[in-house]
Amino acid sequence: MALRSIRTNDDPVLRKTSRDVEDFGLRTQMLIDDMFDTMYDAEGVGLAAVQVGILKKIIVIDTGEAGEKLVLINPEIIRTEGEQHTQEGCLSLPGRAAICNRPQKVTVKALDRSGNPYEITGEGLLAKAFCHEIDHLYGVLYIDKVEEWVQR
Ligand code: GNR
Ligand code: NI
């Protein structure tokens, strides 16, 4: 169990583009484990490596569905459907929340933690998490897409 510190607010790393992962060795495995530890400790539903200062295209997600502990490496959105206008927050932007427009259903193509390709479709919160985390890989934050700020 190892926690890494989450980069916040105007930390410039949050605006950078992450690089493709080509190595699935021990350093990458350790980073993924630390990302899960850090995400659960912070009570988030997702985390991108850039949020712990590592510019690699690695995402972990757990929205609380049974058995769901997702690792998405070099992910790409290949299909979307519908819209949802729902609340969003970010561990890197504490104390704020806003309504954003995201697709209701999203299919992503990615590599798992062993480097094997797979596809996954999510709806609702999972679809929103896919979009939010993939945005992080390109330096995009939800505050760039706010429809309405939520008072909190
Ligand atoms: O924990 C998180 N919750 C959340 C809620 C609505 C939309 C997106 C998210 S992701 C966020 C964790 C985070 O900042 N991941 O990058
Ligand atoms: Ni975030």
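Remember, it's 1-based here, ligands and their atoms both numbered in the order they're listed.
With respect to the salt-bridge test (charged N to carboxylate O, under 4.0 angstrom), the residues Asp20 and Lys57 qualify. With respect to the salt-bridge test (charged N to carboxylate O, under 4.0 angstrom), the residues Glu88 and Arg102 qualify. The pair Lys16-Asp11 does not meet the salt-bridge criterion, since no charged nitrogen lies less than 4.0 angstrom from a carboxylate oxygen. At a threshold of 4.0 Å, the pair Asp10-Arg15 does not count as salt-bridged, since none of the basic side-chain nitrogens sits closer than that to a carboxylate oxygen.
Polar contact check, Glu43 against ligand 1: no nitrogen or oxygen pair lies under 3.5 Å apart. Between Ala48 and ligand 1, no N or O atom pair is found at a separation short of 3.5 Å. For the pair Gly44 and ligand 1, the shortest N or O to N or O distance does not fall below 3.5 Å. Between Lys128 and ligand 1, a contact under 3.5 Å exists for no N or O pair. Note: an N/O pair closer than 3.5 Å links His136 and ligand 1 by distance alone. The shortest N/O to N/O separation between Val45 and ligand 1 falls below 3.5 Å.
The nearest pair of heavy atoms linking Gln51 to Cys90 is NE2-SG, 3.7 Å. Contact record, Leu14 with Thr8: CD1-C, 3.9 Å, taken as the closest heavy-atom pair. Of all non-hydrogen atoms in Ile59 and Leu137, the two that sit nearest each other are CD1-CD1, 3.8 Å.
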(message) side chain to side chain contact (heavy atoms under 4.5 Å, CB included) for Ile143 and Leu93? Distances and angles first, verdict last.
(response) CA-CA 9 Å; Ile143 52 173; Leu93 302 165; 3.9 Å; yes
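At a 4.0 Å heavy-atom cut-off, ligand 1 does not touch Met39 at all. When heavy-atom distances to ligand 1 are checked against a 4.0 Å cut-off, Glu88 comes that close through both its backbone and its side chain.
Ranking protein heavy atoms by distance to atom 12 (C) of ligand 1, first place goes to Gly46 O, 3.2 Å. Of the protein's non-hydrogen atoms, Leu91 N, 2.8 Å is the one closest to atom 14 (O) of ligand 1. Scanning the protein for heavy atoms near atom 15 (N) of ligand 1, the closest one is Glu133 OE2, 2.6 Å.
The shortest side-chain heavy-atom distance between Ile6 and Ser92 falls under the 4.5 Å cut-off. Counting heavy atoms from C-beta on, the side chains of Phe130 and Leu72 come closer than 4.5 Å.
Ring orientation note: the planes of Tyr40 and Phe36 are close to parallel, at an angle under 30° on the 30°/60° scale.
Protein N/O/S atoms closer to the Ni ion (ligand 2) than 2.8 Å number 3 in this structure.
Those atoms of ligand 1 that come under 4.0 Å of a heavy atom in Cys90, given as number and element, are 14 (O). Heavy-atom contacts of Gln87 reach the following atoms of ligand 1: 6 (C) (cutoff under 4.0 Å).
In this structure, Gly89 has a heavy atom closer than 4.0 Å to ligand 1.
Judged as a salt bridge (Lys or Arg N to Asp or Glu O under 4.0 Å), and not counting sequence neighbours, the contacts of Asp34 are Arg4.
Formation of a donor-acceptor pair under 3.5 Å by the Asp144 side chain with backbone atoms of Leu141 is found in this model.
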